[in-house]
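Reckoned from all heavy atoms, side chains included, excluding hydrogens, waters and symmetry mates.
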Amino acid sequence: MGISYFPHTEEDIQSMLQRIGMKSLDDLYSDVPKDFVYNEEYSLPSEMSEIEVRRKFEELQNKNSRLTVFCGCGAYDHYSPAVIPALISRSEYLTAYTPYQAEISQGTLRYIFEFQSMICELTGLECTNASMYDGATSAAESMMMMMAATKKKTRVLVSDTLLDQVKKVIGTYAKWHGVELFHIPAKDGVTDLDILSAEVAKGDVAGAILPSINKYGIVENLSGVADQLHAQKGLLSIYCDPSALAVVKTPGEYNADIACGDGQTLGIPMCYGGPYVGFLSCKKDLVRKLPGRIVGATTDVDGKRAFVLTLQAREQHIRREKANSNICSNQSLMALYVTIYMSLMGKQGMKDVNELSYGGAHYLYKELLATGKFKAVFDKPFLKEFVLSTTLPVADLQKQLLDKGIFGALQTEEGYVSFCVTEQRTKEEIDSLIEIVKSM
């Protein structure tokens, strides 16, 4: 073989080939059509010294465009304190794996417990798992929880004002689990609660998944929805932006049964789609339906506070047919990331982030309308994100912005344009965007 790092000797390989009736490793691929076999020389660069490799990667890095971000749609450019990557790059965090052995994993278990506690405080619900891959899968898992909790019901209501990528993932899970979805249309930019009420009244509804802040950036009013569902023995899941929960009504205040969403807004930088961290919270009576794992606090043999994995509803621990999704591994590293962020920001800091975002977004909204090239679409409350209609060709607008280093004006499927302002955007940056619009 001539490959130093393969553990198998030539004798090992020949013995395995003989066992399966093959003469060579090439025989393993004999059923692959010849048209798909690459027979040319590989275009690999010649070897380089360390300094040459560094220069090469710097050249590649310089091809990236660093843009000023004025859009959201599920990924938000919030500030990330420098201390967070410095801390999580420590080897005991970066290389940590599933903490099966509690006696040597107290640090990992402790920060997962703190993550759960902080998310519970944000959502106003009693239990949180640790953790999910992203917001879309956490929403899909909330659907599976509702189906498991209500047993014989077959339908789940999904608001069309959820983020499009979230709806698509929910749809994928539903298709392969035999769940019948009913999409509640939007009315004036928010979930049509009259249609929701009519569907709930028909019966056979396991639950509904609705947004706290929807894909248009509008803060939805979900008062009374939980009562309607509970009257028909259904459940309510609310999809949330956890950062915004510092200032908007929480799922707990709406009497929701489940809260789901993406923790990316808690300081995780945007980086080509990940890594993100989903969260899934619920009322205490649904705790055994949570996927993944939960860390609990207890005392050791000496009476000292200690932490353990508990209520692991996965196939490694219980009968497969009763198991929930197996979601774990080092996803906890991102749980640690947002835990440090929330610890650093504190309650007031979280409110300050939203106040700055709110002020910047409403300033941009007002100034864009003042140009006469945009019109309001919905007269509804928004926090940091909004949509407008425009007389400008959207592709030209996007190109003009990109030429000036600005990423914004994403077009929705309805033809609106979407903008978002976080605490990272300065007045000078906002004014620069407005001047570009005025010049068109």
**Q.** With Leu210, the side chain to side chain contact (heavy atoms under 4.5 Å, CB included) member among Ser159, Ser237, Pro251
**A.**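 That would be Ser159; it is the only one of Ser159, Ser237, Pro251 passing the side chain to side chain contact (heavy atoms under 4.5 Å, CB included) with Leu210.
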
Q: Kindly indicate whether a cation-pi arrangement holds for Lys380 with Tyr216, taking the cut-offs as under 6.0 Å to the six-membered ring centre and within 45° of the axis.
A: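 Pair Lys380/Tyr216 does not count as cation-pi.
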
Measure the [atom1]-[atom2] distance between [X] and [Y] for me, rounded to the nearest 0.5 Å.
X: Ile84; Y: Tyr79; atom1: CD1; atom2: OH; answer: 8.5 Å
X: Leu163; Y: Gln165; atom1: CG; atom2: CD; answer: 4.5 Å
X: Ile209; Y: Ile170; atom1: CD1; atom2: CD1; answer: 4.0 Å
X: Leu433; Y: Gln400; atom1: CG; atom2: CD; answer: 11.5 Å

For [Y] together with [X], are the ring centres under 6.0 Å from each other?
X: Phe419; Y: Phe70; value: no
X: Tyr365; Y: Phe374; value: no
X: Phe307; Y: Tyr111; value: no
X: Tyr38; Y: Tyr42; value: yes

Any idea which heavy atoms bring [X] and [Y] closest together, and the distance?
X: Leu245; Y: Cys240; value: CD1-CB, 4.0 Å
X: Ile238; Y: Pro211; value: CG2-C, 4.3 Å
X: Val394; Y: Ala409; value: CG1-O, 3.9 Å

Q | Steps toward side-chain contact (heavy atoms from CB on, under 4.5 Å) verdict (Ile268, Val277) | A | CA-CA 9 Å; Ile268 298 179; Val277 57; 3.6 Å; yes

Is any NZ, NE, NH1 or NH2 atom of the basic residue among [X] and [Y] found under 4.0 Å from an Asp or Glu carboxylate oxygen of the other?
X: Asp204; Y: Lys152; answer: no
X: Lys215; Y: Asp160; answer: no
X: Arg110; Y: Glu114; answer: yes
X: Arg425; Y: Glu429; answer: yes
X: Asp164; Y: Lys168; answer: no

Keeping [X] on the side-chain end and [Y] on the backbone end, is there a donor-acceptor pair under 3.5 Å?
X: Ser432; Y: Glu428; result: no
X: Asn214; Y: Gly189; result: yes
X: Ser65; Y: Leu67; result: no

Looking at side-chain heavy atoms only, is the closest gap between [X] and [Y] below 4.5 Å?
X: Phe407; Y: Thr68; answer: no
X: Ser212; Y: Glu220; answer: no
X: Leu229; Y: Val225; answer: yes
X: Thr339; Y: Tyr341; answer: no
X: Met145; Y: Leu280; answer: yes
X: Val295; Y: Thr310; answer: no
X: Lys399; Y: Asp403; answer: yes

Between [X] and [Y]: side-chain donor-acceptor atoms closer than 3.5 Å:
X: Thr265; Y: Ser243; value: no
X: Thr161; Y: Thr191; value: yes
X: Ser357; Y: Asn354; value: no

Q.
What verdict does the salt bridge (Lys or Arg N to Asp or Glu O under 4.0 Å) test give for Lys347 and Glu121, after you've listed the backbone C-alpha separation in whole Å, the side-chain angles of each residue and the deciding distance to 0.1 Å?
A. CA-CA 10 Å; Lys347 292 182 179 180; Glu121 190 166 354; 3.2 Å; yes

Q: Name the orientation class of the two ring planes belonging to Tyr76 and His78 (parallel below 30°, tilted from 30 to 60°, perpendicular beyond 60°).
A: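 Taking His78 first and then Tyr76, their aromatic rings sit tilted (interplane angle of 30° to 60°).
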
